[in-house]
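Below is one structure, written out as structure tokens; the observations come after it.
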Amino acid sequence: MRIVFMGTPEFAVPSLEALLASEDQIVGVVTQPDRPKGRGHELAPPPIKLIAQRSGIPFLQPLKIRTAEFLESLAAWKPDLIAVTAFGRILHAPILNLPSMGCVNVHGSLLPKYRGAAPVQWAVINGETETGITTMLMDEGMDTGAMLLQERIPILPEDTAGTVVPRLAELGGRLLVETIRQLKAGAMTPRAQDSTQATMAPLLKKEDGVIDWTGSAQSIINRIRGMSPWPGAYTFHGQERWNIWKAVAVPEPAQAQPGTLVTVTKQSIRVATGNGVLEILEIQTANSKRMPVGQFLAGHRIDSGVRLGTATV
RNA sequence: CGCGGGGUGGAGCAGCCUGGUAGCUCGUUGGGCUCAUAACCCAAAGGUCAGAGGUUCAAAUCCUCUCCCCGCAA
């Protein structure tokens, strides 16, 4: 069978690799254009482009999807099926209708929950204890297509978005190949999503990392976990921005206003929250790298009683 | 040429503006105190101040270049 793959970031890599290892033929790859990245403004190719180049598969990096030119290029590959993992663009009807077997999408959540661009992150932020992969037949909506296969994995208390994503990506590759296998065998019955149960997981914004100290210690920890490794959860100590990468809840009641540094020792910083006390374990300040709180305190004088929160201007 | 910060004993930082004997909080090692300790007290070891060149009687400090790291922005 002739398959075209569409995907862009690291998350899509295991999907493409699984397809390459399968019995079907990958006749073309579509990924997003190289984008300026990093400190200079060097153009960085998306990970999927590198795989395509290495494998000698023809690839396209269209600036715009909805052009006659792109549609023609796609049609020239004569795909029976298009597989999509984290491509980052909405496909419209002319593309969806192109392959006879339709377009299969790999999504990193247990649909219909967490439709959108950042399903893993929001699942962790909301304190979910499990998530998974859903494959579906794409339609024109945002992750609204009929579901094909679904498999669950646990989210552990120590997990961050950064540790869950690779596991899901691997699972996504396996499930994608299995989905295609069953589709070819005609053994697949798509199930419509129950839209009344749907929730949205929009792309993370910088501001989503702001820590609300009036929340519970556990909810703050979940946010820190979900925002790691990008874009990071942060608060302000006076003018200085503190990125907090790791924290634990301390089993004692908060005796001070939320955000107050209740205990500062040589080894630890404890902060009052709206419900419980939070101990910061790993911190990063501007121009510095992330480090254990003990090291941070060795070189910085921090007084207890200070209130963390919005930058005082 | 996107903006900015930084590289100082093993770790994190100060000192640089206003050149002139290398400092702080830890860690390490030895000793002491203690029922005991990650606590406390005393002592010691450990640094070509990222690298190269320049200015100077004298450079961690001023000037130039190189390498590496980080934040913002994308």
Side-chain angles (χ1 to χ4, degrees), chain A residues 6-13 30-50 61-65 86-90 116-118 120-122 160-162 165 201-212 220 223-252 259 261-271 277-306 308-313:
Chain A
M6 298 186 180
T8 303
E10 205 62 44
F11 185 79
V13 168
V30 183
T31 191
Q32 296 216 18
D34 294 9
R35 300 217 185 275
K37 243 190 156 140
R39 230 158 263 127
H41 50 167
E42 298 151 27
L43 284 180
I48 288 299
K49 174 183 177 178
L50 299 177
Q61 296 182 278
L63 276 169
K64 289 196 64 175
I65 300 294
F87 178 49
R89 289 287 171 80
I90 302 278
V120 188
Q121 288 79 356
W122 285 107
T160 65
V165 163
L203 199 61
L204 289 181
K205 297 189 300 271
K206 215 69 183 179
E207 312 87 82
D208 292 322
V210 176
I211 292 174
D212 173 13
I220 292 168
R223 183 160 294 264
I224 291 168
R225 294 163 61 217
M227 300 296 285
S228 169
W230 191 91
Y234 60 94
T235 188
F236 286 90
H237 176 264
Q239 287 293 345
E240 192 174 41
R241 175 171 156 154
W242 282 11
N243 260 53
I244 296 174
W245 291 109
K246 197 173 179 194
V248 290
V250 180
E252 63 183 56
L261 301 182
V262 287
T263 316
V264 179
T265 68
K266 287 176 190 163
Q267 287 297 324
S268 77
I269 297 175
R270 292 182 174 185
V271 190
V277 171
L278 180 142
E279 179 167 335
I280 301 173
L281 295 183
E282 199 171 72
I283 191 171
Q284 177 177 34
T285 53
N287 304 327
S288 178
K289 47 186 90 174
R290 50 201 283 184
M291 64 183 80
V293 162
Q295 286 185 19
F296 173 75
L297 288 170
H300 301 265
R301 179 169 210 93
I302 303 299
D303 296 316
S304 65
V306 175
L308 298 178
T310 320
T312 33
V313 179

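Quick caveat: nothing in here was measured; it's all calculated off a predicted structure. To find a chain, count down the sequence lines: A is the first, B the second, and so on, and within it residues start at 1.
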The ring-ring contact (aromatic ring centres under 6.0 Å, His included) partners of A:F87 (sequence neighbours excluded) come to none
A:E240 CD to B:C13 C1': how many Å, rounded? 12 Å
Nearest heavy atoms of A:V293 and A:I280, plus distance in Å: CG2-O, 3.1 Å
Those residues at least two apart in sequence (or on a different chain) that pass side chain to side chain donor-acceptor pair (under 3.5 Å) with A:T265 are A:S268
For B:U56, the Watson-Crick or wobble partner whose two distances fall under 3.5 Å: none
Provide the distance between the two C1' atoms, one in B:C40 and one in B:C33, to the nearest whole Å. 8 Å
Between protein and nucleic acid, restricted to nucleotides 3-8 of chain B and to nitrogen or oxygen atoms under 3.5 Å apart, what atom pairs and distances do you find?
| residue | atom | partner | partner atom | Å |
| --- | --- | --- | --- | --- |
| B:G4 | N2 | A:N287 | OD1 | 3.0 |
| B:G5 | O2' | A:N287 | ND2 | 2.9 |

Could you state the CE-C1' distance from A:M291 to B:G12, rounded to the nearest angstrom? 6 Å
Pairwise P distance, B:G5 and B:G10 [rounded to whole Å]: 27 Å
Is the backbone of A:G7 close enough, under 3.5 Å, to the side chain of A:T31 for a donor and an acceptor to pair up by distance? yes
Sequence-distant partners of A:D212, salt bridge (charged side-chain N to carboxylate O under 4.0 Å, His left out), two or more places apart: none
For B:C24, does OP1 or OP2 lie under 4.0 Å from any side-chain N or O of A:R301? no
Kindly write out the residues that satisfy salt bridge (charged side-chain N to carboxylate O under 4.0 Å, His left out) with A:E252, not counting sequence neighbours, or none if the list is empty. A:R270
I need the CD-P distance between A:Q284 and B:G12, as an integer number of Å. 13 Å
Watson-Crick or G-U wobble mate for B:C65, both contacts under 3.5 Å: B:G51
Under a 3.5 Å limit on both distances, the Watson-Crick or wobble mate of B:G10 is B:C26
Return the nucleotide paired to B:C40: Watson-Crick means purine N1 to pyrimidine N3 with N6-O4 or O6-N4, wobble means G-U with N1-O2 and O6-N3, both under 3.5 Å. B:G32
How far, in whole Å, is B:G12 from B:C70 if one measures between their C1' atoms? 15 Å
Assign each of A:G299 and A:T285 the nucleotide of RNA chain B bearing its closest heavy atom; nearer the 5' end lies the nucleotide of A:G299
Mind calculating the distance between CD1 (A:I302) and P (B:A14) to the nearest angstrom? 12 Å
Assess the residue pair A:I269 and A:V271 against the criterion (side-chain contact (heavy atoms from CB on, under 4.5 Å)); give the C-alpha distance rounded to whole Å, side-chain angles, the decisive distance to 0.1 Å, and a yes or no. CA-CA 7 Å; A:I269 297 175; A:V271 190; 4.3 Å; yes
Using a heavy-atom cut-off of 4.0 Å across all strands, would you classify A:K266 as base, sugar-phosphate, or nothing? sugar-phosphate
Per the side chain to side chain donor-acceptor pair (under 3.5 Å) rule, what does the pair list look like for residues 293-303 of chain A, sequence neighbours excluded? none
I'd like the P distance from B:A58 over to B:A73, given in whole Å. 46 Å
C1' atom, B:G15 versus B:A22: distance in rounded Å? 9 Å
Aromatic rings A:H237 and A:W242: how do their planes relate, parallel, tilted or perpendicular, breaks at 30° and 60°? parallel
In this structure, how many angstroms lie between the C1' atom of B:A11 and the CG atom of A:L297, rounded? 13 Å
Check whether any side-chain N or O of A:S288 sits under 4.0 Å from OP1 or OP2 of B:C13, and answer yes or no. yes
Write down the distance between NZ (A:K289) and P (B:C72), rounded to a whole number of angstrom. 15 Å
For A:W245, what residues pass the ring-ring contact (aromatic ring centres under 6.0 Å, His included) criterion, not counting sequence neighbours? none
What are the residues of residues 223-232 of chain A, sorted by number, that bring a heavy atom to within less than 4.0 Å of RNA chain B? none
Taking atom P in both B:A50 and B:C35, compute the distance separating them and give it to the nearest angstrom. 48 Å
With sequence neighbours left out, what residues match A:K246 under salt bridge (charged side-chain N to carboxylate O under 4.0 Å, His left out)? none
Between atom CD in A:Q295 and atom P in B:G10, what is the gap in whole Å? 14 Å
Among residues at least two apart in sequence or on other chains, which ones pass side chain to side chain donor-acceptor pair (under 3.5 Å) with A:N243? A:R241
Measure from the side chain of A:K206, starting at C-beta and using heavy atoms only, and say which of B:G71, B:A73, B:G12 lies closest. B:A73
Can you give me the closest heavy-atom contact between A:G294 and A:Q267, atom names plus distance? CA-OE1, 3.8 Å
Checking A:Q61 now: which residues fulfil side chain to side chain donor-acceptor pair (under 3.5 Å) with it, not counting sequence neighbours? A:D34, A:K49
So which nucleotide does B:G4 pair with, by the Watson-Crick or G-U wobble rule with both distances under 3.5 Å? B:C70
What is the nucleic acid contact for A:Q267, judged by heavy atoms within less than 4.0 Å: base, sugar-phosphate only, or nothing? nothing
Polar atom pairs between nucleotides 44-47 of chain B and protein, under 3.5 Å, N or O only, would you list them?
none

Using atom C1' in both nucleotides, what's the gap between B:G46 and B:G9 to the nearest angstrom? 5 Å
Please give, in whole Å, the distance from B:A74 P to A:K205 NZ? 14 Å
If I pick the C1' atom on B:C49 and the same atom on B:A14, what distance separates them, to the nearest angstrom? 13 Å
